[in-house]
Novice: 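This structure is in structure tokens; I'll ask about it shortly.
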2 protein chains.
Amino acid sequence: MANGSRAIRPQSSVWLSERKPPRRKADQQPVGLDRLKIVAATIRLLDAEGLAGFSMRRLAAELGVTAMSVYWYVDTKDHLLELALDAAMGEIVLPIEAVAPAKARVVSPPASQPASQRAARPAEAHAHLPAEPRDWRDQLRQLAEESRKVLVRHPWLSPLMGDYLNIGPNAMVFTNAAQEVMRNSGLPVEKLSSALALVTHFVFGFSTLEGRFAVSCREEGIAQDELLQEVMTTVKDRPDFDGTREMFAAQGEISVEEMRDRDFTFALDITIAGIEALRDAAPRDAASQDPPERA
Amino acid sequence: MANGSRAIRPQSSVWLSERKPPRRKADQQPVGLDRLKIVAATIRLLDAEGLAGFSMRRLAAELGVTAMSVYWYVDTKDHLLELALDAAMGEIVLPIEAVAPAKARVVSPPASQPASQRAARPAEAHAHLPAEPRDWRDQLRQLAEESRKVLVRHPWLSPLMGDYLNIGPNAMVFTNAAQEVMRNSGLPVEKLSSALALVTHFVFGFSTLEGRFAVSCREEGIAQDELLQEVMTTVKDRPDFDGTREMFAAQGEISVEEMRDRDFTFALDITIAGIEALRDAAPRDAASQDPPERA
DNA sequence: ACCTGAACACCGTTCAAGT
DNA sequence: ACCTGAACACCGTTCAAGT
């Protein structure tokens, strides 16, 4: 089994199985382990060694405990990963007040997040506190950028998002916020899910690659620009590489990070411009129509 | 090791290690196994049992051979998966003649592809044959739709695309075709990679979810609409589900597949409209500018 | 209620050996 | 040149047992 193939069914989700009763009977002192600690250690390990390097036995060792102890708090490796997934999603700083009960949010402990992160984030409850509601375009950009940050910070997140239903409390809050933002765009309701899909999938795919690239660099102890150079030179003798080279050349002499930031924001520019264009076009009932021609 | 974490480095790619010399010495009869057969069996197994269900031992059994025989033709499981990845990418029907040498394309055998597939595809060389070059918007749509088809047909493709560099011959042909299409949009060169990223990542993410959902349904022996109903009812008592429910309701009484087709094409509508809008806007040199306001 | 140890059925891969 | 068999160092998880 393991992770990878068959966990999308609702029944198989942690969030739908009844909770284990709260641990720590009143008269006995807490014995050390609990779900929060386990999830925290899980995230720490995943950050440090990646999804492929993570195992239940490794986790147990990290917790100074026998391999099977963890199984008292968690039904299965899959469920544990689902918990870690949702905890990490809680790190995304949302652009608007969420509708959902904040108490439901599972918080991943500060230990797992590098203190050097530039955005000053609240120490304990990450949450969606900031800034008054502004223009939906700004909100959308912030949503995308904050998602990107978290996805890159936890490169194991992307694969897990594909593997599980992703309906934990934090994921729900996120989804609601995203929907709210989209609703503010003025797009008709039946188009909202589509526009949302465009944005979220773009951010997801983009950040997946960015994260993986960063991991490779870290593993090799090499700067991102160096690795890019290396890849380019290894591949450049291929006969079919001209187009790609030209596209790179057109970017000028900038760092990988600059290039990526440009790409990211311009892709959002396209999305926003497209939404505005179709929103302002005469409303038609079928989405399969051609978009308005302007050239 | 296994698949999952550290294969993005160019040195670790099959395509960059020197090839094993061609098998089958002239005077001895072929002994049964070869790379093509192995990759074919790999794809068949991946289709049938998913990425998590695939193992070298299982593959060897399928080939009627001892576990270690495969290792004579393939250095490692990762390399084999990389071969399968590129072979599957070759199934994507491209909208335009590719620039690259067609001989390089590795073809996955007809055995692996369901005969019931509606688009009549050439029996042996999938290739990019069809239709004369048309409007770039049509080309882009076709590129997206054909990618989607293949990604859904082989649900194990998406995770692999995230795991490997993806620079095999078929991947290169695909990339070139995609770049060519984008170039036809009239967008300035330095914006091409960005627009391309938007499209490919959207298609990738969208198809990943679609494929996973289909797999779950097949495994449970249940129709897609049933499973959706099930998920909806299991989750609907959540207090924070109102927005999602409303968005679903707005779609009217249509099947999951219809809904997805709508979403997909409308997301492309947005992308295309956005590209046209920004292309026609006054050229500015920085991409970080605000898009033109129209409301 | 919580944790352990041994065991089962798997992995990918190495290595020496067969033909 | 091609394939085998045994072995190593791992997995996730079950199950009976300890305290």
Side-chain angles (χ1 to χ4, degrees), chain A residues 1-7 12 14 19-38 41-42 45-46 49-84 163, chain B residues 1-7 12 14 19-38 41-42 45-46 49-84 163:
Chain A
M1 304 301 119
N3 72 309
S5 198
R6 67 208 73 209
S12 65
V14 226
R19 307 260 155 104
K20 286 261 169 63
R23 298 294 124 243
R24 190 201 315 179
K25 283 197 70 172
D27 44 4
Q28 282 167 245
Q29 59 190 3
V31 218
L33 231 45
D34 65 55
R35 254 198 187 187
L36 268 157
K37 251 183 234 168
I38 289 175
T42 301
L45 267 182
L46 286 169
E49 329 219 358
L51 192 52
F54 177 81
S55 79
M56 295 301 272
R57 293 172 130 110
R58 182 92 184 62
L59 171 65
E62 184 79 7
L63 290 165
V65 106
T66 231
M68 293 304 93
S69 314
V70 183
Y71 280 93
W72 201 89
Y73 298 92
V74 138
D75 277 357
T76 187
K77 188 191 184 186
D78 274 312
H79 280 196
L80 176 55
L81 290 177
E82 218 176 335
L83 290 170
D163 276 348
Chain B
M1 306 297 122
N3 71 308
S5 199
R6 68 209 73 206
S12 66
V14 224
R19 307 259 156 105
K20 287 259 169 62
R23 298 294 125 244
R24 190 201 313 180
K25 282 197 72 174
D27 44 3
Q28 282 165 247
Q29 59 190 4
V31 218
L33 229 46
D34 65 53
R35 253 200 187 185
L36 268 157
K37 252 183 233 168
I38 289 174
T42 300
L45 267 183
L46 286 169
E49 329 219 0
L51 192 52
F54 178 81
S55 79
M56 295 301 271
R57 294 170 131 110
R58 183 89 184 66
L59 170 65
E62 184 78 7
L63 290 166
V65 104
T66 230
M68 292 304 96
S69 314
V70 183
Y71 279 94
W72 201 90
Y73 297 92
V74 139
D75 276 358
T76 184
K77 187 193 184 186
D78 274 311
H79 280 196
L80 176 55
L81 289 177
E82 219 177 334
L83 289 170
D163 276 349

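Below, chain A is the first sequence line, B the second, and so on; all start at residue 1. All of these numbers come straight from a predicted model, not from anything done at the bench.
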Novice: Tell me the interatomic distance from Ile38(B), atom CD1, to dC2(D), atom C1', rounded to whole angstroms.
Specialist: 11 Å

Novice: How close or far is atom C1' of dG12(D) from atom OH of Tyr71(A), stated in whole angstroms?
Specialist: 5 Å

Novice: Let me spell it out: for each of Val65(A) and Ala67(B), pick the nucleotide of DNA chain C with the closest heavy atom. Which residue's pick is nearer the 5' end?
Specialist: Val65(A)

Novice: Compare all side-chain heavy atoms of Val14(A) with those of Val74(A) and state whether any distance is below 4.5 angstrom.
Specialist: no

Novice: Would you tell me if any nitrogen or oxygen in the side chain of Thr76(B) comes within less than 4.0 Å of OP1 or OP2 on dT13(C)?
Specialist: yes

Novice: Taking atom P of dC3(C) as reference, at what distance in whole Å does atom CG of Leu63(A) sit?
Specialist: 10 Å

Novice: So do Leu81(A) and Leu46(A) actually touch side chain to side chain, heavy atoms under 4.5 Å?
Specialist: yes

Novice: Can you tell me how far CZ of Arg57(B) sits from CE of Met68(B), rounded to the nearest 0.5 angstrom?
Specialist: 6.0 Å

Novice: Could you write out DNA chain D as a dot-bracket string, with dots for unpaired bases, | for bases paired across to another strand, and Watson-Crick or G-U pairs counted at under 3.5 Å?
Specialist: ||.|||||...|||||.||

Novice: So which heavy atom on Tyr71(A) is nearest to which on Thr76(A), and how close?
Specialist: CE2-CA, 4.2 Å

Novice: Which heavy atom in Ala67(B) sits nearest to a heavy atom in Ala60(B), and how many Å separate them?
Specialist: CA-CB, 3.5 Å

Novice: Would you check if the side chain of Tyr73(B) reaches a backbone N or O of Ile38(B) as a donor-acceptor pair within less than 3.5 Å?
Specialist: no

Novice: Check the interface with nucleotides 17-19 of chain C: list each N/O to N/O pair with the protein under 3.5 Å, or write none.
Specialist:
none

Novice: Quick one: is Thr66(B) getting a side-chain N or O under 4.0 Å of the dC3(D) phosphate, OP1 or OP2?
Specialist: no

Novice: Strictly under 3.5 Å: I want the nitrogen or oxygen pairs between protein and nucleotides 9-11 of chain D, one per line.
Specialist:
unit_1  : atom_1 : unit_2   : atom_2 : d
dC11(D) : OP1    : Ser55(A) : OG     : 3.2

Novice: Roughly how many Å is it from CG in Leu33(A) to P in dA1(C), rounded to a whole number?
Specialist: 16 Å

Novice: Could you tell me the separation between the CG atom of Leu59(B) and the CG atom of Leu80(B), rounded to the nearest 0.5 Å?
Specialist: 6.5 Å

Novice: Among the candidates dT13(C), dC3(D), dT13(D), find the nucleotide nearest to the side-chain atoms of Trp72(B).
Specialist: dC3(D)

Novice: Which heavy-atom pair separates Leu63(B) from Lys37(B) by the least distance, and what is that distance?
Specialist: CD2-O, 4.4 Å

Novice: Once side-chain contact (heavy atoms from CB on, under 4.5 Å) is applied, do any residues pair with Arg58(A), and if so which ones, sequence neighbours excluded?
Specialist: Leu45(A), Glu49(A), Ser55(A), Glu62(A)

